[in-house]
Amino acid sequence: MPHSASTPDAAPETGGASDRELAARSAQGDTRAFAAIMRRHNQLLFRTARSVLKSDSETEDAVQEAYLRAWRAIGTFRDDAQLSTWLVRIVINEALGRLRRRGAQVIQLDGAHVADVDPDPASAVADDPNLQPEHLAMREELRLLMERRIDRLPDAYRTVFMLRAVEEMSVAQTAIALALPEATVRTRFFRARSLLREGLSRDMDVALGDAFSFDGARCDRIVAGVLSSLVKGRESPRS
């Protein structure tokens with residue numbers, strides 16, 4: 001029988017615990033362990049959902065709902081799998097469900113064919129470094145440009161690119177998370193990079209590390225929102 005959700009103050013420290021240990025403790029109703037899971041994977045889930053929804057505010061809502069779904073199902077998590085890929089699949093399903101509910105066209109991430117999209121290279125940042133603003137301002141400009149260009153990638157390419165390039169997940173991890181063959185992941189990632197290079201040229205890699213930055217306030221807001229829902233709903237993980 002699952003225990004009721006514990007308060008964050010009642011649980012032991014979680015800093016050095018592995019994902020599997022935290023998942024096992026969460027399955028027993030330990031909300032502090034689950035909060036540690038959220039803080040550890042918030043950026044990954046936010047970036048993944050953002051690649052589908054292209055809206056910061058809706059992405060936050062989707063991530064919170066995905067965590068609530070994960071909490072309810074944490075007892076079914078198999079410790080021979082990676083928690084990160086398990087969570088990614090949950091948040092992708094939530095994000096795609098939101099697109100369907102608002103009547104948006106949804107291209108399945110495991111679709112056999114994806115149409116090419118013109119990345120409009122004419123609007124890229126000028127190649128001449130002498131025309132660029134001061135260094136820090138330039139990085140911010142490039143970061144914003146990168147985010148806009150990622151948003152304009154075809155749907156299936158965009159999520160593969162987010163996981164592989166921005167989150168630096170391996171081909172195998174991405175393939176598992178998206179239920180795709182590894183060869184498809186490699187092909188879509190290569191094509192996405194080619195599309196972006198046409199517009200970003202040699203400055204692309206500079207902006208990658210800052211793309212869709214995940215600040216502390218957003219992380220705190222998501223964790224607080226999920227924990228508040230757990231307390232109000234008195235939900236317990238299902239085994």
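Values reported hereafter were calculated over all heavy atoms of this structure, with side chains retained and with hydrogens, waters and symmetry mates removed.
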(message) Between Arg164 and Glu182, does any side-chain N to carboxylate O distance fall below 4.0 Å?
(response)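 So Arg164 does not pair with Glu182 through a salt bridge.
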
(request) Using a strict 4.0 Å threshold on nitrogen-to-oxygen distance, state whether Asp155 and Arg158 make a salt bridge. (result)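 Arg158 and Asp155: salt-bridged.
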
Which atom of [X] lies closest to which atom of [Y], heavy atoms considered:
| X | Y | result |
| --- | --- | --- |
| Trp86 | Ala73 | CZ2-O, 3.7 Å |
| Tyr67 | Val226 | CB-CG2, 3.8 Å |
| Leu22 | Ala36 | CD1-CB, 3.9 Å |
| Phe189 | Ala165 | CE1-CB, 3.6 Å |
| Val63 | Ala49 | CG2-CB, 4.2 Å |
| Arg89 | Leu178 | NH1-C, 3.8 Å |

(request) Examine distances only and state if a side-chain atom of Thr48 and a backbone atom of Leu44 form a donor-acceptor pair shorter than 3.5 Å. (result) yes

(request) State whether the side chain of Arg50 and the backbone N or O of Thr59 hold a donor-acceptor pair below 3.5 Å, judged by distance alone. (result) no

Distance in Å, [X] [atom1] paired with [Y] [atom2], rounded so as to fall on 0.5 Å steps:
| X | Y | atom1 | atom2 | answer |
| --- | --- | --- | --- | --- |
| Thr187 | Leu180 | OG1 | CG | 10.5 Å |
| Glu21 | Asp79 | CD | CG | 11.0 Å |
| Arg47 | Leu163 | CZ | CG | 10.5 Å |
| Leu153 | Lys54 | CG | NZ | 9.5 Å |
| Arg143 | Arg148 | CZ | CZ | 10.0 Å |
| Ile222 | Asn42 | CD1 | CG | 5.0 Å |

pair [X]-[Y]: side-chain heavy atoms closer than 4.5 Å:
| X | Y | answer |
| --- | --- | --- |
| Phe161 | Leu196 | yes |
| Leu144 | Glu147 | yes |
| Arg186 | Val171 | yes |
| Ser51 | Val166 | no |
| Arg40 | Leu83 | no |
| Arg102 | Glu58 | yes |

(request) Go through Glu167 and Val88 one step at a time and tell me if the side chain to side chain contact (heavy atoms under 4.5 Å, CB included) criterion holds. (result) CA-CA 12 Å; Glu167 274 302 311; Val88 163; over 6 Å; no

(message) Using salt bridge (Lys or Arg N to Asp or Glu O under 4.0 Å), reason through Arg101 and Glu94 one step at a time and then give a plain yes or no.
(response) CA-CA 11 Å; Arg101 287 193 292 275; Glu94 173 63 25; 3.5 Å; yes

(request) Check salt bridge (Lys or Arg N to Asp or Glu O under 4.0 Å) between Glu65 and all other residues, then give those that pass, not counting sequence neighbours. (result)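 So Glu65 forms a salt bridge (Lys or Arg N to Asp or Glu O under 4.0 Å) with Arg69, Arg72.
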
(message) Set out, in order, the CA-CA distance, both residues' side-chain angles and the distance that settles side chain to side chain contact (heavy atoms under 4.5 Å, CB included) for Arg191 and Leu195, then state yes or no.
(response) CA-CA 6 Å; Arg191 182 56 181 152; Leu195 290 173; 3.5 Å; yes

(message) Applying a strict under-4.5 Å side-chain criterion to I, L, V, M, F, W and Y, I'd like to know whether Val185 and Ile176 cluster together.
(response) no

